[in-house]
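All remarks here apply to the structure that follows.
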Amino acid sequence: MKKLIIFISLAATVTACKKDGNPHNLPDVSPEAYAGKIDGYASSDEVFSAALVAYWSFDGSQNEQFSGTAPTAKAGDGFVDGGVRGKALSLNAGYLYFANQFGAFKTDSLKSFTVSQWVQVLNNGAKKTMLFQLARPGIFNGNINVVLETNRYPATELEKLTIHPTFTAANNGTQDNLNTANGSFPFLSPKIGMDKWTHIVVTYDGVANNFQIWADGVKVGVPAFQNRGSNFFRSHEPSEVIIGGNYNTIPGKTVNADVSFAPMTGNIDEVRVYRECLTDAHIKALYNLGLVHQ
């Protein structure tokens, strides 16, 4: 009888010390809810959708999807099959120009931002390429300028692409980051080519005043250039949108003698502008989802 009592006591002690696998009583998660999803999303449309304020899908339309706004002027433009999702915009020394003040890009509406786009492009050894510009009428540098320095290398260079976005601060000065600066910084670059879709993302955190670059799901901006000190972004009004160029590449819109840019030659798809600085996880999800849809 004494042995039995000891056994029962030990059993009770083991039961009392057993750890609860769900101490916070979290609800059960069904694996079926995540079936067929990437990073928890069924499509790119679900990634931080509440902050998405402008979107060009280029799947048979050049209009901005939320407002339905069509280009005011364009050149060298068409569509090509085999985009990241459906068709893509094809530019042959071309651009799209939207002479509109989008409500989403007004000063009070755009404090932080993310600009995401997929591109097929080559270096050209001669001219820079402007992927996306939130332009300021009559001024060379826009509020946001997603610049590729395709002039730095010949078209045969597929391992290096200099990404050099800038923004205009409240004091009208120009702030930047890039994925290469000089010999003391590593060159972090995506591979490029007309048979490869490359994902390029520029983010700005209006609270921390950090400006960063992503390429193919990897943070590639120079860390020392990320924090812009007291030079905070300002979405000056009025503004317009140019995809594939700047004012000096559009006949009749030239603002100065700068000829460093040429209208874009290449393909561009899934241009998305958010009013928030997307997190690392969001950006990687956009990249991974894009890979799946190709």
Is it the case that one hydrophobic cluster holds both [X] and [Y], taking links as side-chain heavy atoms less than 4.5 Å apart, direct or via other members?
X      : Y      : value
Val119 : Trp56  : yes
Phe261 : Val202 : no
Val47  : Leu52  : yes
Val241 : Tyr247 : no
Tyr274 : Leu110 : no

Could you check Arg85 against Asp45 for salt bridge (charged side-chain N to carboxylate O under 4.0 Å, His left out), going step by step and ending with a plain yes or no? CA-CA 11 Å; Arg85 291 175 65 183; Asp45 298 333; 3.0 Å; yes
When the ring centroid of Tyr204 is compared with that of Phe167, is the distance short of 6.0 Å? yes
Within a strict 4.5 Å, meaning less than it, do heavy atoms of the [X] and [Y] side chains meet?
X      : Y      : result
Ile268 : Gln120 : no
Gln101 : Ser239 : yes
Gln62  : Asp77  : yes
Ile250 : Ile242 : yes
Phe48  : Glu276 : yes
Tyr287 : Val201 : no
Thr265 : Leu91  : no
Ser235 : Leu134 : yes

Looking at [Y], is its backbone amide N or carbonyl O close enough to the side chain of [X] to form a donor-acceptor pair, meaning the two atoms are under 3.5 Å apart?
X      : Y      : value
Ser57  : Glu270 : no
Ser90  : Phe79  : no
Thr249 : Ala262 : no
Asn177 : Val222 : yes
Glu240 : Phe98  : no
Asn227 : Ala208 : yes
Gln117 : Leu131 : no
Asn209 : Gly229 : yes
Lys127 : Val259 : yes
Asn145 : Val147 : no

Rounded at 0.5 Å granularity, tell me how far [atom1] in [X] sits from [atom2] in [Y].
X      : Y      : atom1 : atom2 : answer
Leu161 : Leu122 : CG    : CG    : 10.0 Å
Ile283 : Leu278 : CD1   : CG    : 5.5 Å
Asp205 : Thr279 : CG    : OG1   : 11.5 Å

Minimum heavy-atom distance [X]-[Y], with the two atoms named:
X      : Y      : value
Arg272 : Ser44  : NH2-CB, 3.5 Å
Ser112 : Val207 : OG-N, 4.5 Å
Tyr95  : Gly245 : CB-N, 4.2 Å
Ala170 : Arg234 : CA-CB, 3.6 Å
Gly83  : Ala88  : CA-CB, 3.8 Å
Pro137 : Pro238 : CD-O, 3.2 Å

Under 3.5 Å, is there a donor-acceptor pair between the [X] and [Y] side chains?
X      : Y      : value
Glu64  : Ser67  : yes
Asn141 : Thr168 : no
His199 : Ser116 : yes
Asn172 : Arg136 : yes
Thr203 : Gln212 : no
Thr150 : Thr129 : yes

Worked verdict on Trp118 versus Phe58 for ring-ring contact (aromatic ring centres under 6.0 Å, His included): CA-CA 11 Å; Trp118 289 82; Phe58 296 127; over 10 Å; no
Decide side-chain contact (heavy atoms from CB on, under 4.5 Å) for Arg152 and Asn123; before the verdict, give the C-alpha distance in whole Å, the side-chain angles of both, and the deciding distance to 0.1 Å. CA-CA 7 Å; Arg152 286 204 176 194; Asn123 289 300; 5.6 Å; no
Electrostatic pair [X]:[Y] at N-O distance under 4.0 angstrom:
X      : Y      : answer
Asp216 : Lys196 : yes
Glu157 : Lys160 : no
Lys87  : Asp81  : yes

Between Phe113 and Phe233, does the ring-ring contact (aromatic ring centres under 6.0 Å, His included) criterion hold? Intermediate values first, please. CA-CA 10 Å; Phe113 63 79; Phe233 166 74; 4.9 Å; yes
Step by step, work out the side-chain hydrogen bond (donor to acceptor under 3.5 Å, both in side chains) result for Asp258 and Asn248. CA-CA 7 Å; Asp258 188 292; Asn248 286 6; 4.9 Å; no
Name the one of Asn179, Thr180, Asp176 that satisfies side-chain hydrogen bond (donor to acceptor under 3.5 Å, both in side chains) with His164? Asp176
May I have the step-by-step check of side-chain contact (heavy atoms from CB on, under 4.5 Å) for Asn267 and Trp197, ending in yes or no? CA-CA 9 Å; Asn267 302 323; Trp197 283 106; 3.7 Å; yes
Using 30° and 60° as the class boundaries, would you call the ring planes of Phe66 and Tyr55 parallel, tilted or perpendicular? tilted
Tyr41 and His282 aromatic ring geometry - parallel, tilted or perpendicular at 30°/60° bounds: tilted
Report the C-alpha separation of Asn151 and Ser260 in whole Å, then their side-chain angles, then the decisive distance to 0.1 Å, and conclude whether the side-chain contact (heavy atoms from CB on, under 4.5 Å) test is met. CA-CA 9 Å; Asn151 57 307; Ser260 60; over 6 Å; no
Might you work through the side-chain contact (heavy atoms from CB on, under 4.5 Å) test for Leu89 and Asp269, ending with a clear yes or no? CA-CA 6 Å; Leu89 176 68; Asp269 202 9; over 6 Å; no
Going by side chain to side chain contact (heavy atoms under 4.5 Å, CB included), Trp214 matches just one of Leu286, Val220, Asp280, Ile163. Which one? Asp280
